[in-house]
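Take a look at the structure set out below.
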Amino acid sequence: VQLQASGGGLVQAGGSLRLSCAASGRTFRNYAVGWFRQTPGKEREFVAAITWSGGSTYYKDSVKGRFTISRDNAKNTVYLQMNSLKPEDTAVYYCARTRWISEVPSSYADWGQGTLVTVSS
């Protein structure tokens with residue numbers, strides 16, 4: 001499975017963006033998917049994750065109520081809707097797959113190229 005994140009850009013604080021994580025491969029629907037983000041000099045941090053069916057979702061506390069993760073297995077795509085964006089959300093966002101949802105990056109595989117989100121104040 002190969003994953004590719006897209007949809008990043010420059011947005012003002014309070015604005016919204018929707019990131020997409022497009023996957024190739026027929027087995028995509030067998031995996032949970034997580035979104036992570038990273039800023040220079042910092043560890044990659046968990047943002048959100050969704051089970052293979054989309055039935056359960058998990059979020060970093062600081063994004064709860066602002067971000068929504070969803071998936072469309074027919075389109076092999078996972079989305080991250082980000083609302084009420086804050087300057088501290090600025091980062092490169094990555095998606096990756098996993099068998100078992102975790103907040104630990106090493107539990108995930110098939111990291112694609114990230115997409116840069118910049119939130120101006």
Side-chain angles (χ1 to χ4, degrees):
V1 179
Q2 291 185 322
L3 303 177
Q4 180 61 54
S6 63
L10 173 63
V11 63
Q12 288 187 331
S16 298
L17 282 174
R18 188 176 80 158
L19 305 184
S20 297
C21 175
S24 62
R26 294 177 296 175
T27 59
F28 170 74
R29 64 192 63 194
N30 295 339
Y31 295 101
V33 172
W35 282 98
F36 287 75
R37 64 189 182 189
Q38 189 170 25
T39 55
K42 293 190 176 182
E43 298 288 324
R44 192 166 293 188
E45 66 173 6
F46 172 81
V47 175
I50 188 167
T51 54
W52 68 271
S53 66
S56 294
T57 56
Y58 304 85
Y59 297 95
K60 175 181 175 65
D61 284 347
S62 64
V63 307
K64 286 180 181 176
R66 301 189 297 123
F67 291 11
T68 303
I69 189 171
S70 62
R71 69 189 297 162
D72 185 341
N73 285 338
K75 295 182 179 180
N76 276 6
T77 303
V78 172
Y79 304 99
L80 184 67
Q81 178 67 44
M82 306 187 296
N83 298 328
S84 302
L85 282 162
K86 303 176 181 180
E88 51 264 44
D89 295 319
T90 295
V92 177
Y93 284 71
Y94 300 88
C95 59
R97 65 160 179 91
T98 184
R99 284 288 190 187
W100 307 107
I101 285 184
S102 165
E103 297 187 7
V104 179
S106 60
S107 299
Y108 291 75
D110 295 334
W111 296 88
Q113 288 186 330
T115 185
L116 176 63
V117 172
T118 304
V119 184
S120 63
S121 58

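Every heavy atom of this structure was used, including side-chain atoms; hydrogens, water molecules and symmetry mates were not.
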- Find the distance between CD (Q2) and CD (Q113) and round it off to the nearest 0.5 Å.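 So the CD of Q2 and the CD of Q113 are separated by 11.0 Å.
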
- When rounded to the nearest 0.5 Å, the distance separating OH of Y59 from CD1 of I50 is 7.0 Å

Grab the two heavy atoms, one from [X] and one from [Y], that are nearest each other, plus how far apart they are.
X   : Y   : result
A91 : T39 : CB-CG2, 3.7 Å
C21 : V33 : SG-CG1, 4.4 Å
A74 : R29 : CA-NH2, 4.5 Å

Residue list, side-chain hydrogen bond (donor to acceptor under 3.5 Å, both in side chains) with [X], at least two apart or on another chain:
X    : answer
K86  : none
R71  : N73
S102 : S107
S16  : N83

- Task: Would you check, one step at a time, whether the test side chain to side chain contact (heavy atoms under 4.5 Å, CB included) holds for T115 with Y93?
- Result: CA-CA 5 Å; T115 185; Y93 284 71; 4.2 Å; yes

- Passing candidate, side chain to side chain contact (heavy atoms under 4.5 Å, CB included) with C95, options L3, L19, V47: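 Result: among L3, L19, V47, L3 is the only option passing the side chain to side chain contact (heavy atoms under 4.5 Å, CB included) with C95.
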
- Item | Residues Y79, T68; criterion side chain to side chain contact (heavy atoms under 4.5 Å, CB included); working and verdict | CA-CA 8 Å; Y79 304 99; T68 303; over 6 Å; no

- Item | Those residues that, when tested against A13, pass side-chain contact (heavy atoms from CB on, under 4.5 Å) (two or more places apart) | P87, V119

- Query: Taking the hydrophobic residues Ile, Leu, Val, Met, Phe, Trp and Tyr, and joining any pair whose side-chain heavy atoms are under 4.5 Å apart, which ones share a cluster with Y108?
  - Reply: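 Same cluster as Y108: F36, F46, Y58, V92, Y94, I101, W111, L116.
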
- CA sep, side-chain torsions, deciding dist, call: M82, R66, side chain to side chain contact (heavy atoms under 4.5 Å, CB included): CA-CA 6 Å; M82 306 187 296; R66 301 189 297 123; over 6 Å; no

- Message: Does atom CD (E45) have a neighbourhood of more than 12 heavy atoms from anything else shown, all under 6.0 Å?
- Response: yes

- Any side-chain heavy atom of F67 sitting closer than 4.5 Å to one from D89?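 F67 reaches D89 side chain to side chain.
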
- Task: For the pair T57 (side chain) and I69 (backbone), establish whether a donor and an acceptor sit closer than 3.5 Å, ignoring hydrogens and angles.
- Result: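 No.
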
